[in-house]
Asker: 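One structure, pasted below without further comment.
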Amino acid sequence: LIHFYKRLAMGKIKCSELRNRKKEELTKQLDDLKTELAQLRVAKVTGGAASKLSKIRVVRKSIARVYIVMHQKQKENLRKFYKGKKYKPIDLRPKKTRAIRKALSAHEKSLKTAKTLHALRSFPQRKFAVKA
């Protein structure tokens, strides 16, 4: 954990490091980054050092990374929750194309009407004995 806060002081954070953190840790880190960003913006207004001004971008991107990881985890948990259920939220369904989504399923394609079934029964495929 100490190593992590050294990195935080340095600025840039890797998503791979964030992924193995708990939600509480991520929210705490997000608050820390936001307060740091607020301090940097104050420094910008008061005419701070150039190093602080360049750090604003790094901190903003770090905040974005934390948000990305939080949303990825949330989506992953939703996918686990809805796995095997009959209905899923639209954003968890496969996108594909509209035509493919609206197309009949294999089962629906194979269904036949009562009239067709009657015709098939009445007039089965004729079998011919072919002379060789």
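Position 1 is the first residue of the sequence, and the numbers go up from there.
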Asker: Please tell me if the side chains of Lys28 and Glu24 come closer than 4.5 Å, counting only heavy atoms from C-beta onward.
Answerer: no
Asker: Hey, could you give me the CD1/CD distance between Ile68 and Gln72, rounded to the nearest 0.5 Å?
Answerer: 7.0 Å
Asker: Is the charged tip of Lys83 near the ring of Phe81: under 6.0 Å from the six-membered ring centre and within 45° of its axis?
Answerer: no
Asker: Could you give the distance from CD (Gln29) to CD1 (Ile63), rounded to the nearest 0.5 Å?
Answerer: 10.0 Å
Asker: If you count every heavy atom of other residues, nucleotides or ligands that lies below 6.0 Å from Arg93 atom CZ, does the total exceed 12?
Answerer: yes
Asker: Between OG1 of Thr46 and NZ of Lys52, what distance do you get to the nearest 0.5 Å?
Answerer: 7.5 Å
Asker: Between Arg101 and Lys95, is there a donor-acceptor pair closer than 3.5 Å when you use the side chain of the first and the backbone of the second?
Answerer: yes
Asker: Flag yes if Leu33 and Tyr67 sit in one hydrophobic cluster, no otherwise; membership is Ile, Leu, Val, Met, Phe, Trp, Tyr, and two members link when side-chain heavy atoms are under 4.5 Å apart.
Answerer: yes
Asker: Which heavy-atom pair separates Leu104 from Glu108 by the least distance, and what is that distance?
Answerer: CA-OE1, 3.4 Å
Asker: Could you check whether any side-chain heavy atom of Lys75 comes within less than 4.5 Å of a side-chain heavy atom of His71, counting everything from C-beta outward?
Answerer: no
Asker: Enter the distance from Ser62:OG to Arg57:CZ here, rounded to the nearest 0.5 Å.
Answerer: 10.5 Å
Asker: Give the minimum heavy-atom separation between Tyr82 and Tyr87, together with the two atoms involved.
Answerer: CD2-O, 3.7 Å
Asker: Identify all side-chain donor-acceptor contacts of residues 115-132 below 3.5 Å with residues at least two apart in sequence or on another chain.
Answerer:
{"unit_1": "Thr116", "atom_1": "OG1", "unit_2": "Thr113", "atom_2": "OG1", "d": "2.7"}
{"unit_1": "Ser122", "atom_1": "OG", "unit_2": "His118", "atom_2": "O", "d": "2.9"}

Asker: To check you understand the geometry: which heavy-atom pair defines the closest contact between Val66 and Leu26, and what is its length?
Answerer: CG1-O, 3.7 Å
Asker: Ignoring hydrogens and geometry, is there a side-chain-to-backbone donor-acceptor pair from Arg65 to Lys14 under 3.5 Å?
Answerer: no
Asker: Evaluate the side chain to side chain contact (heavy atoms under 4.5 Å, CB included) criterion for residues Met70 and Leu18: first the C-alpha distance (whole Å), next the side-chain angles of each, then the deciding distance (0.1 Å), finally the verdict.
Answerer: CA-CA 9 Å; Met70 285 171 80; Leu18 293 173; over 6 Å; no
Asker: Check whether any side-chain heavy atom of Leu53 sits under 4.5 Å from a side-chain heavy atom of Leu40, and report yes or no.
Answerer: no
Asker: Which residue in the set Lys44, Glu36, Lys61 passes side-chain contact (heavy atoms from CB on, under 4.5 Å) when paired with Ile56?
Answerer: Lys44
Asker: Of the non-hydrogen atoms in Arg41 and Arg60, which two are nearest, and what is the gap between them?
Answerer: NH2-CD, 3.9 Å
